[in-house]
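This one's a predicted model, so the numbers in the text were calculated from it and none came from an experiment.
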Amino acid sequence: MTRPRNDNFLRALLKEPTDYTPVWLMRQAGRYLPEYCETRKRAGSFLDLCKNPDLACEVTLQPLARYDLDAAILFSDILTVPDAMGLGLYFAEGEGPKFESPLRNEWEIRSLRVPDPHQHLGYVMDAVAEIRRALDNSVPLIGFSGSPYTLACYMVEGGSSSDYRQIKTMLYSRPELLHHILDVTARAVTDYLNAQIESGAQAVMIFDSWGGSLSAAAYKEFSLSYMERILAGLIKERDGEKVPAIVFTKGGGLWLEDIAASGCQGVGLDWTMDIREARRRVGDRVALQGNLDPSVLFATPEVVAAETRKVLEAFGPGNTGHVFNLGHGISQFTPPDNVSALVQTVHGYTRFPA
C-alpha cells in the first residue's frame with residue numbers, strides 16, 4: 001500500500017520534512033456546516049448518523065469538499081465503546097450524551113467485559129473501510145477513541161459532569177473499582193483502535209478530554225498509565241507503512257514531558273499551552289499538534305489569519321513536526337468562511353518553494 005498522494009500529515013507526525021504545515025481540525029465534520037446539518041436531519045438522530053456507514057462516510061468527506069484539509073477523521077463518537085459494553089447510550093435533547101445504565105454498583109463494574117469490535121462495533125469498521133475507498137488515496141484517514149479515563153467519566157457519571165463527583169469519589173474511596181473499569185476499557189480501546197487500523201485508518205488519536213481534571217498524581221495513575229498500555233498494544237505498521245498515534249489531554253500542559261514519553265508520535269496541545277514553550281520542553285521527541293483557540297474563529301477572517309500566523313510563528317523556524325489544529329473541537333457557531341481563512345493562511349504562510 002502506498003501513502004496517500006498528500007501525505008504531509010503523516011510525514012509531520014513521523015518528523016519527516018513536509019511541503020508545508022499540514023492542517024486538520026478536531027470536529028471538522030460538524031454542526032457549523034449546513035451540509036452536515038442536512039445529512040444529520042436525514043439520518044434522524046446523531047446516533048443513527050454514527051451507526052450508518054454510508055452517512056458517516058458522507059459527513060466525513062464534507063469538510064474536505066469545502067476546504068483544502070490534509071487529513072480526514074472518521075465521523076463517530078467516543079462513547080460507542082461503552083455503548084458496545086451494554087451501558088445504553090442515548091442523546092437527550094439539549095443535554096448531550098447519557099447512559100441508561102451508569103456504573104454505580106460493584107457487581108455491574110465486576111461484570112464489565114471487553115466487546116468484540118467487529119461484532120459490536122462493526123458499523124464503525126464498515127465506515128472506516130468505506131471512507132478509505134471514497135478518499136481514493138488522496139489524504140490520510142485518522143481513526144480515534146476516547147481515553148479510558150474519559151470514557152470512565154461518562155460511564156460512572158452517566159453523562160457529562162461539571163464536578164466529576166461520582167468518579168472522583170470512586171477514585172479516592174474505591175480505587176480498585178476504578179482501576180477495574182480502566183483496565184477493561186483500555187483493553188477495549190486497544191482492540192477498537194487496532195480494528196480501525198486493520199479496516200484502513202492510517203493514524204489514530206486518543207482523546208483524553210477529562211484527564212486535565214485530575215491531580216498530577218492521579219493523572220499519571222488513572223489516565224496516562226492506561227494510555228501508555230494502549231499505545232504499547234497498537235499496531236505500529238501496516239502494509240509497510242508506519243501508523244502514528246496522537247495523544248490529546250485537554251488541560252495536559254503540566255504533564256507534557258510525560259505525555260511525550262508515553263509512546264505516542266504526536267502530542268495534541270490545547271489553546272492554553274504556548275506552542276513555543278511546548279517545543280522547547282519536548283524537543284524533537286514527538287510532533288506537536290495544535291493549537292489555535294477555537295473561539296478565534298468567531299472573529300473576522302482578518303483576525304483569524306493573524307492569530308493563525310501567531311501560532312505558526314510561535315512554533316518556530318521550519319515546520320517539521322507540526323500539525324496545525326485547534327486547541328479543542330470546532331464550535332457549532334463557527335462561520336464556515338472563517339475556516340477557509342484559517343486553512344489558506346496555514347498553507348500560504350508555510351509553503352516552501354520546491
TODO: Take Val184 and Arg113 through the side chain to side chain contact (heavy atoms under 4.5 Å, CB included) test and state the conclusion after the steps.
DONE: CA-CA 7 Å; Val184 175; Arg113 295 289 180 267; 5.7 Å; no
TODO: Determine, stepwise, if the pair Arg27 / His328 fulfils side chain to side chain contact (heavy atoms under 4.5 Å, CB included).
DONE: CA-CA 8 Å; Arg27 213 182 291 137; His328 199 237; 4.0 Å; yes
TODO: Before giving the answer on side chain to side chain contact (heavy atoms under 4.5 Å, CB included), spell out for Met155 and Leu87 the whole-Å C-alpha distance, their side-chain angles and the decisive distance to 0.1 Å.
DONE: CA-CA 7 Å; Met155 293 159 75; Leu87 273 67; 3.6 Å; yes
- [ ] Run the numbers on Leu177 and His180 for side chain to side chain contact (heavy atoms under 4.5 Å, CB included), then give the verdict.
- [x] CA-CA 5 Å; Leu177 290 184; His180 181 76; 5.6 Å; no
- [ ] Start with the C-alpha gap between Arg280 and Glu277, add the side-chain angles, then the distance that decides, and say whether salt bridge (Lys or Arg N to Asp or Glu O under 4.0 Å) holds.
- [x] CA-CA 5 Å; Arg280 184 193 67 76; Glu277 175 65 9; 2.6 Å; yes
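The pair Lys242-Glu16 does not meet the salt-bridge criterion, since no charged nitrogen lies less than 4.0 angstrom from a carboxylate oxygen.
The hydrophobic clustering, which links ILVMFWY residues whose side-chain heavy atoms are closer than 4.5 Å, places Leu14 and Ile246 apart. Follow the hydrophobic side-chain contacts under 4.5 Å out from Leu254 and you reach Trp210 in the same cluster. Follow the hydrophobic side-chain contacts under 4.5 Å out from Trp271 and you never reach Phe324; the two are in separate clusters.
Side-chain atoms of Asp19 and Arg11, non-hydrogen and from C-beta on, do get closer than 4.5 Å to each other. A 4.5 Å side-chain heavy-atom check between Pro4 and Leu135 finds every atom pair outside the cut-off. Residues Leu231 and Val247 are in side-chain contact: their nearest non-hydrogen atoms beyond the backbone lie under 4.5 Å apart. Annotation: side chain of Arg42 is in contact with side chain of Glu58 (closest heavy-atom distance under 4.5 Å). The closest side-chain heavy-atom distance from Phe9 to Leu69 is not below 4.5 Å. Contact of the Ile78 side chain with the Tyr154 side chain is registered, since non-hydrogen atoms from C-beta on lie closer than 4.5 Å. Here the side chains of Phe144 and Ile206 are not in contact, with every heavy-atom distance at 4.5 Å or above. Taking the side chain as every heavy atom from C-beta outward, Met85 and Thr185 approach each other to under 4.5 Å.
For Trp255, the ring-ring contact (aromatic ring centres under 6.0 Å, His included) partners two or more places apart in sequence, or in a different chain, are Tyr219. Partners of His179 under the ring-ring contact (aromatic ring centres under 6.0 Å, His included) rule, at least two apart in sequence or in another chain, are Phe222, Tyr226. Partners of Tyr90 under the ring-ring contact (aromatic ring centres under 6.0 Å, His included) rule, at least two apart in sequence or in another chain, do not exist in this structure.
The residue from Leu64, Ile73, Leu326 that alone fulfils the side-chain contact (heavy atoms from CB on, under 4.5 Å) condition with Trp24 is Ile73. Exactly one residue among Tyr20, Tyr349, Phe315 makes a ring pair (Phe, Tyr, Trp, His ring centres under 6.0 Å) with His322. That residue is Phe315.
A pairwise comparison of heavy atoms in Ala186 and Ile230 identifies O-CG1, 3.6 Å as the closest pair. Asp68 and Val343 get closest at one heavy-atom pair: O-CG1, 3.6 Å. Across Leu182 and Ala152, no two heavy atoms sit closer than the pair CD2-CB, 3.9 Å. Contact detail for Tyr32 and Ser331: the closest heavy-atom pair is CB-O, 3.6 Å. Scanning all heavy atoms of the two residues, the minimum distance from Leu342 to Leu292 falls at CD1-CD2, 3.5 Å. Closest heavy-atom contact between Thr150 and Ser209: OG1-N, 2.9 Å.
Between the side chains of Thr80 and Tyr123, no donor-acceptor pair is found at a separation under 3.5 Å. Judged by distance alone, the side chains of Asn52 and Asp54 never bring a donor and an acceptor atom under 3.5 Å apart. For the residue pair Gln62/Thr39, the side-chain donor-acceptor check at 3.5 Å is satisfied.
Rounding to the nearest 0.5 Å places CD of Glu157 at 12.0 Å from CZ of Phe99. Atom OG of Ser199 is separated from atom CD1 of Ile131 by 10.5 Å, given to the nearest 0.5 angstrom. Residue Gln28 holds its CD atom at 8.0 Å from CG of Asn325, rounded to the nearest 0.5 Å. Once rounded to the nearest 0.5 Å, the distance linking CG of Leu103 with CG of Leu112 reads 5.5 Å. Expressed to the nearest 0.5 Å, how far NZ of Lys51 lies from CG of Asp126 amounts to 13.5 Å. In this structure, Leu288 CG and Leu269 CG are separated by 5.0 Å, a value rounded to the nearest 0.5 Å.
Phe75 and Phe46 have perpendicular rings, their planes meeting at more than 60° on a 0 to 90° scale where under 30° would count as parallel.
Under a 3.5 Å cut-off, the side chain of Asn6 and the backbone N or O of Asn8 do form a donor-acceptor pair.
Among residues at least two apart or in separate chains, salt bridge (charged side-chain N to carboxylate O under 4.0 Å, His left out) pairs with a member in residues 169-178 are Glu106-Arg174, Arg174-Glu176. Evaluation of the salt bridge (charged side-chain N to carboxylate O under 4.0 Å, His left out) test over residues 184-205, restricted to residues two or more places apart or in two chains, returns Asp183-Arg187. Pairs engaging residues 256-265 under the salt bridge (charged side-chain N to carboxylate O under 4.0 Å, His left out) rule: Lys220-Asp258, Glu257-Arg281 [sequence neighbours left out].
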